[in-house]
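Below is one structure, written out as structure tokens, with a few remarks after it.
These numbers were taken from a predicted model, which means no experiment stands behind them.
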Amino acid sequence: MQEWANQLCENRQFGSKMTDSKYFTTTKKGEIFELKAELNSDKKEKKKEAVKKVIASMTVGKDVSALFPDVVNCMQTDNLELKKLVYLYLMNYAKSQPDMAIMAVNTFVKDCEDPNPLIRALAVRTMGCIRVDKITEYLCEPLRKCLKDEDPYVRKTAAVCVAKLHDINAQLVEDQGFLDTLKDLISDSNPMVVANAVAALSEIAESHPNSNLLDLNPQTINKLLTALNECTEWGQIFILDCLANYTPRDDRESQSICERVTPRLSHANSAVVLSAVKVLMKFMEMLPKDLDYYGTLLKKLAPPLVTLLSAEPELQYVALRNINLIVQRRPEILKHEMKVFFVKYNDPIYVKLEKLDIMIRLASQANIAQVLAELKEYATEVDVDFVRKAVRAIGRCAIKVEQSAERCVSTLLDLIQTKVNYVVQEAIVVIKDIFRKYPNKYESVIATLCENLDSLDEPEARAAMIWIVGEYAERIDNADELLESFLEGFHDESTQVQLQLLTAIVKLFLKKPTETQELVQQVLSLATQDSDNPDLRDRGYIYWRLLSTDPVAAKEVVLAEKPLISEETDLIEPTLLEELICHIGTLASVYHKPPSAFVEGSRGVQHKRLPGSAGSGESVESPDTGSTAAAVSEAPPAVIPSQGDLLGDLLNLDLTPPTTTGPIPPPSSGMQMGAMDLLGGGLDSLLLDSESAPVSSGLDDLFDLGGGVGMPMGAYSPPKTVWLPAMKAKGLEISGTFARRAGVIQMEMTLTNKAMSVMTDFAIQFNRNSFGLAPAGPLQVLTPLSPNQSIEVTLPLNTVGPVMKMEPLNNLQVAVKNNIDVFYFSCQYPISMLFVEDGKMERQVFLATWKDIPNENESQFQIKDCHLNSDAASNKLQGSNIFTIAKRTVEGQDMLYQSMKLTNGIWVLAELRVQTGNPNYTVTFKCCWIMPVFAIFTLSKKN
């Protein structure tokens with residue numbers, strides 16, 4: 001259709017003074033017969049009129065394929081207008097009449113040697129559009145001549161024809177050497193030829209990602225940048241997109257390219273502007289943050305983006321979707337342009353909502369008053385959806401900018417007083433999030449919320465109110481009455497409300513057991529016996545068993561301290577964001593999804609990543625942190641990815657050296673993403689507060705002293721446990737354990753296929769973790785895993801991966817990918833795996849170190865039910881690289897002084913007291929760092 005439109009537009013310059021509309025108004029019967037006669041007329045003018053009628057009939061959907069031989073006979077003409085019309089007809093009907101289309105081959109060959117370059121270009125363009133296998137081989141020679149034609153218009157048309165021919169018959173194009181000719185055209189003297197050659201090679205390369213057709217090097221890049229200044233706007237877009245796929249050698253080359261691309265930011269075409277922004281965003285990653293040019297570039301990026309917002313609403317929307325990505329990656333670019341994103345009264349709703357989202361992303365302590373005043377104004381608008389978003393935005397401001405929280409809560413209370421139903425309900429939902437971010441700070445507003453209980457009719461608002469009542473039941477006198485009122489229509493509530501109500505009543509019971517026993521029995525009965533919802537039923541049974549077997553454990557589980565919610569829970573996952581930045585100006589940047597999510601089939605889908613940043617220890621400055629952000633590690637904020645994100649295709653299966661692959665995205669928001677280097681002195685802050693490391697009962701006994709004397713010597717390896725149940729991984733079950741053998745940490749796994757299909761293409765990645773554990777090589781599953789088959793796999797690990805504090809510290813988050821899907825699970829490794837073989841300290845050094853460590857760096861634990869004497873215990877511990885330095889006996893009590901060294905180079909000293917006849921040991925740990933490893937041992941002692 002695009003070709004038809006181009007041809008018809010060009011035809012107008014050759015047309016007669018009369019309008020062409022008359023060709024679309026005929027209502028004659030027997031029209032085909034008359035047209036056939038006219039097409040065979042001796043008069044050139046009559047023949048041209050007949051072809052125009054045929055094209056008109058074809059355009060309105062009439063079948064005029066019966067005239068194919070008669071129209072083809074009209075090709076032998078010197079009239080350019082008639083030739084264009086005939087070629088247009090050929091493009092449309094050649095596929096349905098392949099045998100007849102061969103008749104046109106001789107004319108194509110002849111036209112490719114015509115003195116008129118317009119006719120030569122027209123012939124080669126039409127050849128590329130006739131998608132008939134039978135005639136493609138006849139077109140190779142004419143195409144070869146046109147690729148080396150003296151006229152640049154013919155060469156640029158021929159370049160595009162190669163890409164079209166490659167789509168029809170890729171092998172033919174490669175055999176004929178057209179790809180090499182196309183590469184040569186990148187050095188052409190004409191910029192439009194260069195642009196079309198780049199466009200053709202890029203399209204071919206997308207369908208063959210491993211072909212390396214566009215072998216970009218500094219010389220080629222220089223030619224492209226030279227052509228960039230002289231070609232048309234669409235040629236510029238092709239070249240800029242090609243530049244975006246290049247990775248500069250160093251920051252100097254990166255700066256040079258940025259300087260030559262920057263003038264494109266002032267182009268009138270918004271597509272050129274966005275393509276230039278994409279190149280600059282990518283190459284900025286290579287520039288040191290302290291470079292003067294870096295700051296200059298940031299300032300230059302803001303005006304063109306702001307200018308895009310003065311276009312039509314549809315263009316504004318595309319610009320805003322792209323700006324949303326840019327702001328998430330580099331908020332400092334637009335941190336001073338907040339007013340541009342204020343909503344105008346005549347903006348369409350889709351523009352308003354995008355502006356609102358960007359306002360929140362740019363909100364900081366400096367501009368929060370201005371933002372809140374705007375949001376409060378928006379909350380009084382007439383558009384219900386926009387008002388809801390505005391109210392939610394106020395809550396997001398409170399969570400993002402702590403200093404504004406009180407003002408945000410006050411604004412929300414003012415909105416609740418308006419008694420507008422949907423405003424009240426949205427306000428309650430966001431206040432729940434504020435409570436989760438700032439516990440025990442704004443509970444004074446609960447009374448106001450309870451006054452509006454009867455007006456809540458939306459599931460999300462009802463669930464939020466129920467959560468608030470359950471969470472703060474001890475502060476609400478009539479909490480049982482409030483929850484009982486919801487219980488009356490339990491079966492009519494949505495699942496979300498039912499689940500929340502069940503949890504809230506269980507919380508209430510644990511806080512006020514004597515008053516609410518009947519209420520909790522009622523809700524458990526409703527959830528387990530009268531409900532068909534499996535989620536509700538399962539949760540009900542879990543609570544029932546917890547309460548009936550161990551109320552203390554139930555209290556610890558249900559009333560456990562909750563992690564604070566993330567500052568931004570709606571950020572795009574970092575790996576996906578990097579990929580989307582590489583697709584700025586395309587559909588992917590509008591959908592906020594990678595091309596693989598909406599491009600049918602796998603062909604042409606490539607996963608792109610930003611290059612490694614120069615000065616990786618620095619961070620992107622955030623508008624609300626100012627200059628202090630430079631001191632913080634450049635770790636992305638915690639994100640709660642949505643189910644549909646595919647988590648940015650976490651593995652991407654480019655698993656060459658595992659140490660260089662990017663971190664897998666966090667599956668929860670409870671993690672702090674500060675990437676602290678355990679080797680570089682960051683350990684103080686890693687475990688500054690020992691209370692932050694919760695005790696885990698799931699760990700194996702660090703010392704394993706309860707196993708008896710007859711146990712074999714060597715490092716203790718706990719038995720395998722199921723890490724990934726088959727029901728959660730589409731039939732793949734993974735059980736495993738950790739072991740240290742010959743100084744190498746190993747992850748020993750059993751993979752079992754409980755599905756009905758064969759599993760192949762296994763790969764594995766770890767998230768950042770406390771000790772930098774990472775695979776030392778790929779996951780070796782050499783044969784396909786058939787149904788009901790199990791296979792033993794040993795994965796060697798190293799400790800040179802990226803570091804990040806986990807809770808508990810020995811938690812390891814793993815992603816496993818196979819031909820079916822990507823699966824996530826977490827497991828916990830024994831701390832003893834981290835004790836290295838050279839952990840035996842010299843006696844004099846031990847004595848001096850023990851004396852130097854202050855008492856506050858000391859922690860003591862009890863090990864119960866161990867029936868080994870001190871020598872047996874010492875021998876057993878040495879198998880796990882816990883070395884006895886000295887032994888002394890005081891009043892019948894043996895005291896073993898021991899040392900161990902962690903993989904990150906930190907020494908830990910211990911004193912083990914063994915009393916003859918007493919099965920309980922006392923162990924004391926000391927370390928130079930302030931509480932670094934004691935929390936680790938806290939994790940290990942309870943087993």
Side-chain angles (χ1 to χ4, degrees), residues 328 353 356-357 359-365 368 371-372 375-376 378-379 385-416 421-450 452-453 456 458-473 475-476 494 496-497 499-501 503-504 507 559-572 624 637-643 666-673:
Q328 289 186 54
L353 295 177
L356 200 58
D357 200 32
M359 280 172 62
I360 304 308
R361 300 201 190 285
L362 292 175
S364 65
Q365 191 175 350
I368 193 66
V371 172
L372 276 179
L375 293 177
K376 191 172 182 181
Y378 300 160
D385 287 337
F386 182 54
V387 171
R388 288 178 183 276
K389 289 279 185 180
V391 175
R392 294 221 172 190
I394 294 171
R396 284 173 61 189
C397 283
I399 291 167
K400 183 177 181 185
V401 186
E402 185 172 352
Q403 295 83 351
S404 73
E406 192 164 342
R407 188 182 298 176
C408 291
V409 171
S410 176
T411 304
L412 289 169
L413 287 176
D414 290 344
L415 292 173
I416 289 174
N421 189 260
Y422 55 87
V423 174
V424 171
Q425 302 200 75
E426 286 297 328
I428 287 174
V429 172
V430 298
I431 286 174
K432 183 202 86 168
D433 291 337
I434 293 172
F435 283 169
R436 284 205 59 191
K437 177 68 177 176
Y438 309 108
N440 305 315
K441 197 168 182 183
Y442 299 109
E443 283 70 26
S444 57
V445 306
I446 293 176
T448 308
L449 302 183
C450 290
N452 296 277
L453 204 61
L456 306 182
E458 294 172 9
E460 193 174 5
R462 290 172 73 82
M465 191 67 228
I466 291 168
W467 181 88
I468 291 169
V469 173
E471 189 69 16
Y472 299 101
R475 304 187 185 188
I476 304 172
S494 68
Q496 180 183 8
V497 176
L499 288 166
Q500 199 59 262
L501 188 56
T503 302
K507 285 180 184 175
L559 301 181
E561 187 175 340
K562 295 164 190 63
L564 302 183
I565 62 172
S566 168
E567 285 185 5
E568 295 250 11
T569 56
D570 61 339
L571 284 175
I572 293 174
D624 56 336
V639 177
I640 303 177
S642 64
Q643 190 77 22
S668 77
S669 66
M671 231 182 285
Q672 298 301 316
M673 297 289 286

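Shown here for Gln328 and Ile572, the closest heavy-atom pair between the two residues is OE1-N, 2.9 Å. Here the shortest heavy-atom pairing between Gly395 and Val430 reads CA-CB, 3.9 Å. Across all non-hydrogen atoms, the minimal contact from Ala363 to Lys400 is O-NZ, 3.3 Å. When all heavy atoms are compared, the tightest approach of Cys408 to Cys397 is SG-CB, 3.9 Å.
Remark: Glu471 engages Lys507, Lys562 in a side-chain hydrogen bond (donor to acceptor under 3.5 Å, both in side chains) (not counting sequence neighbours). Under the rule for a side-chain contact (heavy atoms from CB on, under 4.5 Å), the partners of Asn421 that lie at least two apart in sequence or sit in another chain are Gln425, Ser455, Asp457.
Contact check for Ile368 versus Gln403: no side-chain heavy atoms found under the 4.5 Å cut-off. The shortest side-chain heavy-atom distance between Tyr378 and Ile394 does not fall under the 4.5 Å cut-off. Annotation: side chain of Leu356 is in contact with side chain of Leu375 (closest heavy-atom distance under 4.5 Å). In this structure the side chain of Ile431 never reaches within 4.5 angstrom of the side chain of Val409, judged on heavy atoms. Contact annotation: the side chain of Val391 never approaches that of Tyr422 to less than 4.5 Å [non-hydrogen atoms, C-beta and beyond]. At least one side-chain heavy atom of Glu402 sits less than 4.5 Å from a side-chain heavy atom of Tyr438. A 4.5 Å side-chain heavy-atom check between Ile434 and Leu412 finds at least one atom pair inside the cut-off. The shortest distance between side-chain heavy atoms of Val423 and Val387 falls below 4.5 Å.
In this structure, the separation between CZ on Arg462 and CG on Leu501 is 9.0 Å, given to the nearest 0.5 Å. Considering CZ of Arg392 and CD of Glu426, their distance stands at 4.0 Å, rounded to 0.5 Å. Rounding to the nearest 0.5 angstrom, the gap separating the CD1 atom in Ile416 from the OG1 atom in Thr448 is 7.0 Å. The distance from atom OH of Tyr472 to atom SG of Cys450, rounded to the nearest 0.5 Å, is 12.5 Å. Distance check, rounded to the nearest 0.5 Å: CE of Met359 to CG of Leu372 gives 9.0 Å. Rounding to the nearest 0.5 Å gives a distance of 12.0 Å between CG of Leu415 and CD1 of Ile428.
A donor-acceptor contact shorter than 3.5 Å is absent between the side chain of Lys432 and the backbone of Ile468. Within the 3.5 Å criterion, the main-chain N or O of Glu406 finds no donor-acceptor partner in the side chain of Ser410.
Salt-bridge check for Glu458 with Arg388: passed, with a basic side-chain N closer than 4.0 Å to an acidic carboxylate O. Asp357 has a carboxylate O that lies under 4.0 Å from a charged side-chain N of Arg396, or vice versa, which qualifies the two as a salt bridge.
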